[in-house]
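Notes follow the structure.
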Amino acid sequence: MRRSVVPVLTVVGFLLLFWYAAAVWLNAPWAYNKAQRAGETLSFSQVVADTWSQKKPRLPAPHQVAREVWETTAQKAVTSKRSLIYHAGVTLSATLLGFVLGTGLGILLAVGIVYNRTMDMSVMPWVIASQTIPILAIAPMIIVVLNAVGISGLLPKAMISMYLSFFPVVVGMVKGLRSPEAMQLDQMRTWHASRGQTFWKLRLPSSMPYLFTSLKIAMAASLVGAIVGELPTGAVAGLGARLLAGSYYGQTVQIWSALVMAAVLAACLVGIIGLLQRVMLRRMGMS
Amino acid sequence: MPAEHHGSVSAEPVISARNLDLTFQTNDGPIHALKGVSLDIGKGDFVSFIGPSGCGKTTFLRCMADLEQPTGGTVTVNGMTPEEARKSRAYGYVFQAAGLYPWRTIGGNIRLPLEIMGISKAEQDARVARVLELVELSGFEKKFPWQLSGGMQQRASIARALGFDADILLMDEPFGALDEIVRDHLNEQLLKLWDRTGKTIAFVTHSIPEAVYLSTRIVVMSPRPGRITDVIDSPLPRERPLDIRETPEFLEVAHRVREGLRAGHGDV
Ligand SMILES: Nc1ncnc2c1ncn2[C@@H]1O[C@H](COP(=O)(O)OP(=O)(O)OP(=O)(O)O)[C@@H](O)[C@H]1O
Ligand SMILES: [Mg+2]
């Protein structure tokens with residue numbers, strides 16, 4: 001842990017440096033344009049100062065994003081429509097619901113695939129096919145169709161999250177449930193264990209390392225799904241709505257602050273699963 | 001072909017194989033893992049199977065345990081088919097690898113088959129304590145497998161097979177991966193256990209001294225096709241201190257086993 005601090009900070013430092021440089025490069029044309037119209041000439045330091053403080057820059061500088069994040073989190077009531085935390089909370093609830101649904105569906109399908117020959121032969125190709133369809137193409141359809149039958153709000157977004165997150169869980173759990181060695185299965189047979197006993201006492205515990213790895217991917221996918229689900233609804237709340245509103249009005253600072261928030265959220269969620277994984281697998285003697 | 005059966009004279013047979021055939025169909029053609037194998041194992045016998053790699057020792061044991069289906073002939077265990085015997089939990093099977101579950105303690109591992117068999121909690125506790133003492137692992141109940149040496153893990157896996165108290169023990173090279181000293185020690189313990197409990201034991205090994213030291217009968221097998229080439233009744237007494245291995249009787253039996261193995265090799 002301690003040893004990774006220096007390399008991480010170094011990389012972050014370089015990224016920030018690159019970001020500031022890119023901001024100068026991308027925003028300079030607008031600065032020159034403005035100056036030209038005003039009949040002024042700009043020194044290099046003036047250009048730099050301008051590119052880092054424009055109101056609607058092509059690429060906002062890090063400190064602009066940081067200020068926006070600060071203003072919309074710490075300085076707004078959590079219930080306010082202008083609070084980023086409020087929006088993150090909306091996205092989070094859809095993410096978590098979709099994640100739970102997706103994990104459940106994924107595990108159920110995996111159990112079916114492992115225990116049922118017909119499912120083994122028939123389900124996997126469909127599962128894989130489902131992921132080759134671009135989510136951006138079907139997300140609006142899911143939202144519209146569900147809206148038409150009177151379901152709106154949290155659930156349609158969670159469905160899209162589920163759609164993305166069940167896939168890694170199916171793949172991981174099929175592998176995990178099949179991970180016991182032939183010898184361990186023979187052992188169960190010599191004890192005349194039922195299928196249920198073999199599942200609960202051998203297959204399921206054996207699959208835990210695979211499950212946790214899948215859950216991390218599923219969680220990230222679920223967040224993407226929730227944000228994508230918020231784009232086509234003309235939604236009024238959620239990080240996706242913030243992204244969309246930001247791009248309508250050219251509020252790049254707002255877009256970037258929503259992106260930063262999404263990244264932080266993803267890191268926290270995946271981090272929590274990672275923590276659970278460490279604790280659980282250590283307790284199970286499997287790490 | 002040694003199709004005649006090598007019978008035991010004394011007790012009623014607990015395990016009885018008649019003209020057993022098992023042919024594996026593989027991509028490289030059929031493999032005759034067992035051919036015309038007939039053998040009776042009497043109650044309380046300690047029978048060792050010895051022979052070169054691939055001669056079908058494991059396959060034979062697996063047939064008795066209903067883990068493999070013979071393609072010809074019959075096996076009975078306690079007068080039942082292997083399947084019935086398995087379902088009535090007539091035998092304990094010790095695999096070559098200890099195969100303990102890492103997420104269960106030693107006690108939990110021994111308890112596993114007991115849970116599966118629906119034995120009451122109190123009875124489980126009593127049995128776990130008893131078999132742990134039997135394999136000299138008392139005090140290790142709460143430890144996890146990775147906290148034990150390989151030899152201790154193997155003893156724990158034997159304890160697990162002993163836990164549900166079947167009259168028959170099928171053991172497939174249980175001490176194969178252990179060093180000489182640990183092996184001697186476990187051999188001694190196993191023999192004591194056998195003497196005390198009167199179990200019937202079928203035991204696969206690659207070691208001639210181990211086979212001779214442990215067994216009342218030694219079955220010599222030979223490969224391609226897998227078959228029994230010799231059955232040697234041991235004249236050694238039931239009571240066997242480790243230094244019995246230096247006596248002329250012991251060396252005499254070992255010599256016969258070695259001759260049998262060599263003959264098996266010769267006619268391939
Ligand atoms: N599941 C299987 N499928 C195909 N062939 C098999 C299978 N199991 C065993 N065999 C073959 O059957 C023969 C006997 O195998 P077996 O494992 O019984 O030998 P063994 O005497 O136990 O050998 P070792 O001393 O190496 O353990 C071998 O030629 C092996 O390749
Ligand atoms: Mg073998």
Side-chain angles (χ1 to χ4, degrees), chain A residues 103 107 110-111 114-115 117 121 169 172-216 272-287, chain B residues 58-59 61-69 77 82-106 108-119 142-148 153 157 160-161 163-166 168-173:
Chain A
T103 303
I107 292 176
V111 171
V114 169
Y115 273 94
R117 268 200 70 77
M121 311 295 278
V169 177
M173 277 307 273
V174 166
K175 198 156 167 29
L177 291 173
R178 287 193 173 143
S179 66
E181 297 160 29
M183 191 264 272
Q184 293 178 303
L185 291 169
D186 280 345
Q187 228 169 28
M188 278 291 180
R189 200 172 140 82
T190 65
W191 299 325
H192 191 209
S194 69
R195 290 176 131 209
Q197 287 170 326
T198 306
F199 178 79
W200 289 110
K201 291 182 193 292
L202 175 60
R203 286 191 190 271
L204 194 64
S206 304
S207 70
M208 283 303 129
Y210 299 84
L211 176 66
F212 278 109
T213 307
S214 302
L215 288 186
K216 285 188 195 167
I272 290 172
I273 297 180
L275 211 66
L276 271 177
Q277 176 180 31
R278 291 238 312 258
V279 172
M280 181 98 169
L281 293 190
R282 177 153 319 152
R283 273 192 53 191
M284 289 178 71
M286 289 171 93
S287 60
Chain B
T58 297
T59 307
L61 223 58
R62 288 173 62 86
C63 284
M64 300 175 196
D66 188 38
L67 295 174
E68 217 76 74
Q69 303 310 319
V77 177
E83 189 185 356
E84 288 162 349
R86 175 173 66 82
K87 289 184 174 166
S88 65
R89 282 131 183 178
Y91 66 83
Y93 197 110
V94 180
F95 291 82
Q96 179 161 3
L100 301 171
Y101 290 10
W103 58 88
R104 281 175 171 252
T105 59
I106 297 305
N109 268 287
I110 297 173
R111 207 163 266 137
L112 176 65
L114 306 180
E115 288 170 9
I116 287 171
M117 294 170 193
I119 288 167
K142 298 254 150 51
K143 293 271 189 296
F144 282 92
W146 51 268
Q147 294 170 302
L148 271 62
Q153 290 185 25
S157 102
R160 181 172 55 183
F164 51 97
D165 216 15
I168 303 169
L169 267 186
L170 307 174
M171 309 176 89
D172 190 0
E173 294 189 54

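Computed over heavy atoms, backbone and side chain alike; hydrogens, waters and symmetry mates excluded. Here is the naming used below: chain letters follow the sequence lines, and residue numbers restart at 1 for every chain.
- A heavy-atom distance below 4.5 Å is not found between the side chains of B:D172 and B:F95.
- A perpendicular orientation is assigned to the rings of B:Y91 and B:Y93, their planes being inclined by more than 60° (bins at 30° and 60°).
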Check: B:Y101 and A:Q187: side-chain contact (heavy atoms from CB on, under 4.5 Å), yes or no, with the steps?
Finding: CA-CA 11 Å; B:Y101 290 10; A:Q187 228 169 28; 4.0 Å; yes
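- Both the backbone and the side chain of A:S206 have a heavy atom closer than 4.5 Å to some heavy atom of chain B.
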Item checked: Evaluation steps, side-chain contact (heavy atoms from CB on, under 4.5 Å), between B:I110 and B:R104 -> CA-CA 9 Å; B:I110 297 173; B:R104 281 175 171 252; over 6 Å; no
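- Looking at B:A97, both its backbone and its side chain come within 4.5 Å of chain A, counting heavy atoms on both sides.
- Looking at B:R86, the atoms closer than 4.5 Å to chain A (heavy atoms on both sides) sit in the backbone and in the side chain alike.
- Using a 4.5 Å cut-off between heavy atoms, B:Q96 makes no contact with chain A at all.
- Contacts with chain B were tallied for A:R189, A:Q197, A:M188; A:R189 has the most, counting heavy-atom pairs under 4.5 Å.
- Although no hydrogens or angles enter the test, the distance criterion places no donor-acceptor pair under 3.5 Å between the side chain of A:S207 and the main chain of A:Y210.
- Of the two parts of A:L281, neither the backbone nor the side chain holds a non-hydrogen atom closer than 4.5 Å to a non-hydrogen atom of chain B.
- Salt bridge absent: B:K87 and B:D66 never bring a charged side-chain N and a carboxylate O closer than 4.0 Å.
- Interface check for chain A: of the options B:R89, B:M117, B:R62, the most heavy-atom pairs under 4.5 Å are formed by B:R89.
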